[in-house]
Protein chains: 2
Amino acid sequence: MPKLWTDTIEAHRHVVRETILDTTWGLVTERGLLAVTMSQIAERSGIGRATLYKYFPDVESILFARHERHVSEHLRHLAELGNQPGEAESRLRAVLAAYALICHHRGQHGTEELGALLHRHEIVDRAEQQIGGLFQGLLVEVAEAGRLRRDVSPEELASFCVHALTAAGGLPSEDAVHRLVEVTLSGLRPQS
Amino acid sequence: MPKLWTDTIEAHRHVVRETILDTTWGLVTERGLLAVTMSQIAERSGIGRATLYKYFPDVESILFARHERHVSEHLRHLAELGNQPGEAESRLRAVLAAYALICHHRGQHGTEELGALLHRHEIVDRAEQQIGGLFQGLLVEVAEAGRLRRDVSPEELASFCVHALTAAGGLPSEDAVHRLVEVTLSGLRPQS
DNA sequence: ATCGAAATAGACAGATTGTCTCGATAAGGT
DNA sequence: ACCTTATCGAGACAATCTGTCTATTTCGAT
């Protein structure tokens with residue numbers, strides 16, 4: 001009292017915050033969202049209850065912080081792939097495949113649906129729009145190369161990709177994931 | 001006390017149950033899942049708190065009952081469309097379009113993601129499998145007519161459809177929904 | 001060495017939970 | 001019409017959780 005976990009206050013606060021995020025998610029997956037309390041989170045995180053309230057006001061805020069962390073990690077990774085040298089279509093394929101693998105490893109359902117249930121639609125909308133926006137940028141490049149269907153806007157096609165690839169969460173293998181990416185890509189191409 | 005809402009006990013219990021389902025969902029959309037309590041539900045439903053516990057043990061159970069009701073309604077409607085006379089491909093199109101419109105009217109996010117957060121994955125998996133199973137049956141028929149791609153199984157393609165069409169929830173118009181259906185269908189066709 | 005920051009056990013009042021009782025009322029059956 | 005069965009719910013109870021606050025201790029930062 002107080003017992004810092006690292007050498008500096010800044011690092012300590014960072015580690016505590018991350019611990020809270022991970023612990024909360026662990027509890028949610030064990031018990032379900034409605035059965036998780038701030039008291040349990042504090043106890044399992046190894047901090048005092050009053051201390052927990054200094055970091056987050058409620059369970060909902062914790063889950064959103066965790067969601068934000070995830071989305072920014074994914075975006076960073078996908079953006080790197082999208083910025084690699086090469087033709088637009090192959091970069092698009094790489095990004096879609098990476099996103100599909102993220103969905104695959106995340107499992108059937110992930111944090112992206114949080115907003116629906118936690119009264120913060122705008123948070124999830126923003127995540128989908130960020131990922132969709134990244135896809136859209138690539139789709140515009142593919143369109144300029146004449147390799148994209150013209151009857152549907154790149155924006156709508158981006159949304160299609162974001163949703164279609166979530167099917168990867170329920171697939172049994174990475175081969176199946178790559179087949180899903182192929183199916184999705186074929187929906188994007190100019191139709192004869 | 002007791003004040004029945006209808007002439008028979010059976011009908012009364014049915015109406016009370018439906019009222020609880022709808023009221024709970026209303027509260028969830030207003031306040032978010034974590035802020036809804038049994039006390040609030042009872043009060044807004046116009047029944048006593050002890051009475052509410054006679055119908056449902058907790059908020060989670062109420063939400064699942066509502067989810068089940070929705071899924072069975074959708075399945076009934078989609079199955080009717082799939083059983084209409086006509087070629088397999090046009091029936092598939094009708095079913096996919098109907099499902100997309102359901103997603104569109106449901107909004108960006110619906111009840112199907114409940115399981116992720118409420119510790120009951122198997123419930124949601126079952127819903128997706130039921131809808132996916134219906135799609136799959138039609139896809140098998142389309143395959144027999146030689147109108148389906150052969151490099152991906154009808155099962156995986158069904159899952160692709162279920163997920164891709166959820167993009168309809170974020171689209172601005174029914175025209176956009178129909179374009180989404182077209183994009184999805186083009187992913188299913190044999191590729192040249 | 002000094003000061004500001006951080007942690008936390010414990011307390012407090014309020015809210016909710018899950019359960020239960022018992023009296024009142026109404027449906028159901030004969 | 002009468003009796004039985006079913007239902008409701010106000011109120012009570014004990015337990016749990018919440019959000020806030022205080023006083024004390026410890027530790028990083030300078």
Side-chain angles (χ1 to χ4, degrees), chain A residues 1-66 117-120, chain B residues 1-66 117-120:
Chain A
M1 192 218 304
K3 184 120 173 135
L4 295 201
W5 298 350
T6 60
D7 288 345
T8 66
I9 289 180
E10 186 182 339
H12 166 77
R13 290 184 61 84
H14 177 77
V15 172
V16 171
R17 190 172 185 277
E18 297 292 290
T19 301
I20 293 167
L21 298 189
D22 296 332
T23 299
T24 303
W25 187 251
L27 284 165
V28 167
T29 54
E30 275 179 42
R31 306 177 179 188
L33 181 59
L34 291 179
V36 173
T37 64
M38 292 291 270
S39 302
Q40 292 164 2
I41 294 167
E43 185 176 347
R44 182 170 288 195
S45 298
I47 61 175
R49 195 162 66 76
T51 303
L52 177 60
Y53 280 101
K54 288 177 179 174
Y55 283 81
F56 295 100
D58 51 39
V59 175
E60 185 170 319
S61 303
I62 299 172
L63 293 173
F64 276 108
R66 185 175 178 280
L117 302 170
L118 300 185
H119 205 62
R120 293 197 185 180
Chain B
M1 189 214 306
K3 183 119 175 137
L4 294 203
W5 298 350
T6 60
D7 288 346
T8 64
I9 290 180
E10 185 182 341
H12 166 76
R13 292 182 60 83
H14 177 77
V15 171
V16 171
R17 190 172 184 278
E18 298 291 291
T19 301
I20 294 167
L21 297 190
D22 296 332
T23 298
T24 304
W25 187 249
L27 284 165
V28 167
T29 54
E30 276 178 41
R31 306 178 179 187
L33 179 60
L34 290 179
V36 173
T37 63
M38 292 295 266
S39 301
Q40 292 165 0
I41 294 167
E43 185 177 348
R44 183 171 287 194
S45 298
I47 60 175
R49 197 163 64 77
T51 304
L52 176 61
Y53 280 101
K54 289 174 179 174
Y55 282 81
F56 294 99
D58 51 39
V59 175
E60 185 169 320
S61 302
I62 299 172
L63 291 174
F64 275 108
R66 185 176 177 278
L117 303 170
L118 301 184
H119 205 62
R120 292 198 186 181

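Below, chain A is the first sequence line, B the second, and so on; all start at residue 1.
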How is [X] classified with respect to the nucleic acid when contacts are heavy atoms under 4.0 Å: base, sugar-phosphate, or nothing?
{"X": "A/Thr37", "answer": "sugar-phosphate"}
{"X": "B/Arg13", "answer": "sugar-phosphate"}
{"X": "A/Thr8", "answer": "sugar-phosphate"}

Under 3.5 Å: donor-acceptor pair, side chain of B/Ser45, backbone of B/Ala42
no

B/Thr23 side chain to B/Ile20 main-chain N or O, any donor-acceptor pair under 3.5 Å?
no

Can you check whether A/Thr37 reaches A/Val59 side chain to side chain, under 4.5 Å on heavy atoms?
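Answer no - side chains too far apart.
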
For residues A/Ile62 and A/Tyr55, determine if any side-chain heavy atom of one lies less than 4.5 Å from a side-chain heavy atom of the other.
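The answer is no, as the side chains (C-beta and beyond) never meet within the 4.5 Å cut-off.
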
Using a 4.0 Å cut-off to any heavy atom of chain B, which nucleotides of DNA chain D are the first and last in contact, reading 5' to 3'?
D/dT7 to D/dA12

Show your reasoning for whether side chain to side chain contact (heavy atoms under 4.5 Å, CB included) applies to B/Asp58 and B/Phe64.
CA-CA 10 Å; B/Asp58 51 39; B/Phe64 275 108; over 6 Å; no

Could you go step by step and tell me if B/Glu43 and B/Arg49 meet the side chain to side chain contact (heavy atoms under 4.5 Å, CB included) rule?
CA-CA 7 Å; B/Glu43 185 177 348; B/Arg49 197 163 64 77; over 6 Å; no

A/Gln40 vs A/Ala50, nearer the 5' end of DNA chain D by closest nucleotide
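The residue whose closest nucleotide sits nearer the 5' end is A/Gln40.
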
Please compare B/Lys3 and B/Val59 by the position of their nearest nucleotide in DNA chain C and report the one closer to 5'.
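Mapping each residue to its closest nucleotide by heavy atoms, the 5'-most match is B/Val59.
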
Start at the 5' end of DNA chain C and walk down; is the nucleotide closest to B/Arg49 or to B/Leu4 reached first?
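In this pair, the answer is B/Arg49.
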
Any chance you could lay out the side chain to side chain contact (heavy atoms under 4.5 Å, CB included) test for B/Leu27 and B/Arg44, step after step, and finish with the verdict?
CA-CA 9 Å; B/Leu27 284 165; B/Arg44 183 171 287 194; 3.6 Å; yes

Between which nucleotides of DNA chain C, read 5' to 3', does contact with chain B run, using atoms under 4.0 Å from its heavy atoms?
C/dT16 to C/dG28

Regarding A/Arg13 and A/Glu18, does a basic nitrogen lie under 4.0 Å from an acidic carboxylate oxygen?
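Salt bridge: no.
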
